[in-house]
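Labels below follow one simple rule: chain letters A, B, ... track the order of the sequence lines, proteins then strands, and each chain is numbered from 1.
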Protein chains: 2
Amino acid sequence: MPAIQPDQAAVAQQIRHLQDTLYVVNGKWKLPILVAVHQGTSRFRDIQRSVPGITTKVLSAELKALEQNKLVVRRVYDTSPPTVEYTTSPYCATLQTLIQEMIAWGKNHHDRLREE
Amino acid sequence: MPAIQPDQAAVAQQIRHLQDTLYVVNGKWKLPILVAVHQGTSRFRDIQRSVPGITTKVLSAELKALEQNKLVVRRVYDTSPPTVEYTTSPYCATLQTLIQEMIAWGKNHHDRLREE
DNA sequence: ATAGCTGGCATCCTTTAGGTAACTGGCATC
DNA sequence: GATGCCAGTTACCTAAAGGATGCCAGCTAT
């Protein structure tokens, strides 16, 4: 029987972890929303204005998904009219270095394309 | 006229950078493929085996996209039969910290879910 | 000779992400 | 009393991503 190849097993494991992350943050909108909310934008319409191009429907769905993954917290205040406030959870802070990395890479990549 | 709000402008800029990155790296497969190739898997069928569940059609398309974004290099050797070799470009190395971050986060997230 | 490997391509189909538009109910404003 | 803001929901639709299957041509090992 062939020997188990630890390299390949390790890589397969890494790929699985990567896919777990992708499962949570995949799509066009989740990370941009997180940036906006983390920065302090807490109201639905304000978030929508902060993330250019997003529609109410998509924003609503994405916020629900983020809430389910415990990255944002939704609070409803019993004012009149009811106020809804979105904030990032403490757990969301663990994504911050990743997000900063992506912002930096995107900036660099953009500059690089302009040079060509 | 209202004052320009530097915070909001800065956040909008960050979101744009983030979206530039997502444009390159978004989707279910690109980063996993990059991990496999970067680790040294260079042949088409080997890459396919390394990324569980991917089909030839999708792999082929993703490799082309990655090649266009200068993240992988495709070399054809004039052997018989022709050998095709995929490698990561030097530019791809700039994504490595990001990828490692995502792997680490995914692992942590997975562990966290198991604890609940 | 025949089975299997290589690096894919072609065709067809399903699923999902995302977009458009209209609408709600309660309040404030003009 | 009409308009507009808030925080969404609903129904419908398109485009893109992804999946299943079969195939090719040239080589190799049995």
Side-chain angles (χ1 to χ4, degrees), chain A residues 2 15-16 18-34 36-37 40-69 71-88, chain B residues 2 15-16 18-34 36-37 40-69 71-88:
Chain A
I15 290 177
R16 251 170 265 130
L18 192 45
Q19 286 173 328
D20 287 342
T21 302
L22 288 172
Y23 184 78
V24 176
V25 301
N26 68 7
K28 205 172 162 180
W29 300 114
K30 292 199 185 63
L31 292 178
I33 291 169
L34 245 32
V37 176
T41 310
S42 57
R43 309 292 299 276
F44 190 88
R45 296 290 174 187
D46 289 337
I47 298 168
Q48 186 174 9
R49 275 184 283 269
S50 290
V51 182
I54 199 167
T55 62
T56 61
K57 180 199 146 186
V58 171
L59 177 56
S60 171
E62 299 287 23
L63 282 171
K64 270 179 196 156
L66 291 171
E67 197 191 350
Q68 279 191 1
N69 281 311
L71 295 175
V72 307
V73 179
R74 181 178 185 271
R75 286 195 199 85
V76 184
Y77 294 100
D78 196 10
T79 56
S80 158
T83 310
V84 180
E85 203 182 89
Y86 293 92
T87 49
T88 51
Chain B
I15 289 178
R16 250 170 265 130
L18 192 44
Q19 285 173 330
D20 287 342
T21 302
L22 288 172
Y23 183 79
V24 175
V25 131
N26 200 8
K28 207 171 161 182
W29 300 114
K30 292 197 184 64
L31 291 178
I33 290 169
L34 245 32
V37 176
T41 311
S42 58
R43 309 294 298 277
F44 190 89
R45 296 289 176 186
D46 289 337
I47 299 168
Q48 186 176 8
R49 276 184 283 268
S50 289
V51 182
I54 199 167
T55 61
T56 61
K57 181 196 151 185
V58 171
L59 178 56
S60 170
E62 298 286 23
L63 282 171
K64 270 179 197 157
L66 291 170
E67 197 191 350
Q68 279 193 1
N69 282 310
L71 295 175
V72 307
V73 178
R74 180 180 188 269
R75 287 197 199 84
V76 184
Y77 294 100
D78 196 11
T79 55
S80 159
T83 310
V84 181
E85 203 182 88
Y86 293 93
T87 50
T88 52

ask   = Which of residues 46-54 of chain A sit near DNA chain D, with a heavy atom under 4.0 Å from it?
value =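 Correct list: R49(A).
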
note = For DNA chain C, the expected dot-bracket line (Watson-Crick or G-U under 3.5 Å, [ ] crossing, | inter-strand) is |||||.||||||||||||||||||.|||||

Hey, what are the protein-to-nucleotides 27-29 of chain D N/O distances that come in under 3.5 Å?
from: dC27(D); atom 1: OP1; to: S80(B); atom 2: OG; distance (Å): 2.3

Side chain to side chain donor-acceptor pair (under 3.5 Å) partners of [X], counting only residues at least two apart:
X: N26(A); answer: K30(A)
X: N69(A); answer: none
X: T83(B); answer: T79(B)

inquiry  = Tell me the closest heavy-atom pair linking L18(B) and P32(A), and the distance in Å.
reply    =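 Between these two residues, the closest heavy atoms are CD2-N, 3.8 Å.
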
Any residue meeting side-chain contact (heavy atoms from CB on, under 4.5 Å) with T21(B), in chain and number order, not counting sequence neighbours =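 T21(B): side-chain contact (heavy atoms from CB on, under 4.5 Å) contacts with M102(A), W105(A), L98(B).
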
inquiry  = Taking side-chain contact (heavy atoms from CB on, under 4.5 Å) as the definition, give me every residue that meets it alongside V73(A), ordered by chain and number, with sequence neighbours left out.
reply    =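 side-chain contact (heavy atoms from CB on, under 4.5 Å) check on V73(A) returns R75(A), T87(A), S89(A).
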
key: Pairwise P distance for dG8(D) and dG4(D), with rounding to whole Å   =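 So the two P atoms sit 22 Å from each other.
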
query = How far does the P atom of dC6(D) sit from the matching atom of dA2(D), given to the nearest Å?
reply =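 That atom pair is separated by 22 Å.
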
Residues which pass salt bridge (Lys or Arg N to Asp or Glu O under 4.0 Å) with K28(B), listed by chain and number, not counting sequence neighbours =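 With sequence neighbours excluded, K28(B) shows a salt bridge (Lys or Arg N to Asp or Glu O under 4.0 Å) to no residue whatsoever.
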
Name every donor-acceptor pair, under 3.5 Å, that has one atom in a side chain of residues 41-53 of chain A and the other anywhere in the protein, sequence neighbours excluded.
from: T41(A); atom 1: OG1; to: A36(A); atom 2: O; distance (Å): 3.3
from: T41(A); atom 1: OG1; to: Q39(A); atom 2: OE1; distance (Å): 3.4
from: R43(A); atom 1: NE; to: V84(A); atom 2: O; distance (Å): 3.4
from: R45(A); atom 1: NH1; to: Q48(A); atom 2: OE1; distance (Å): 3.3
from: D46(A); atom 1: OD1; to: R49(A); atom 2: NH2; distance (Å): 3.1
from: Q48(A); atom 1: NE2; to: I54(A); atom 2: O; distance (Å): 3.4
from: S50(A); atom 1: OG; to: D46(A); atom 2: O; distance (Å): 3.1

How long is the span from the [atom1] atom in [X] to the [atom2] atom in [Y], to the nearest 0.5 Å?
X: W29(A); Y: L63(A); atom1: CH2; atom2: CG; result: 12.5 Å
X: K57(A); Y: E62(A); atom1: NZ; atom2: CD; result: 10.5 Å
X: I33(B); Y: T88(B); atom1: CD1; atom2: OG1; result: 13.0 Å

request  = Considering only heavy atoms of chain A and a distance under 4.0 Å, specify the first and last nucleotide of DNA chain C in 5' to 3' order that meet this criterion.
outcome  =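 On DNA chain C, the outermost contacted nucleotides are dG18(C) to dC27(C).
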
Grab the N/O contacts between the protein and nucleotides 8-10 of chain D below 3.5 Å, and write none if there aren't any.
from: dG8(D); atom 1: OP1; to: R74(A); atom 2: NH2; distance (Å): 2.3
from: dG8(D); atom 1: OP2; to: Y86(A); atom 2: OH; distance (Å): 2.7
from: dG8(D); atom 1: N7; to: R45(A); atom 2: NH2; distance (Å): 3.2
from: dT9(D); atom 1: OP1; to: K64(A); atom 2: NZ; distance (Å): 3.2
from: dT9(D); atom 1: OP2; to: S60(A); atom 2: OG; distance (Å): 2.7
from: dT9(D); atom 1: OP2; to: K64(A); atom 2: NZ; distance (Å): 3.1
from: dT9(D); atom 1: O4; to: T56(A); atom 2: OG1; distance (Å): 3.3

query = Can you tell which of L31(B), L34(B), V37(B) makes a side chain to side chain contact (heavy atoms under 4.5 Å, CB included) with L66(B)?
reply =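 Between L66(B) and the candidates, side chain to side chain contact (heavy atoms under 4.5 Å, CB included) is satisfied uniquely by L34(B).
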
key: I15(B) vs Q19(B) side-chain heavy atoms within contact, under 4.5 Å   =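 Sidechains of Q19(B) and I15(B): in contact.
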
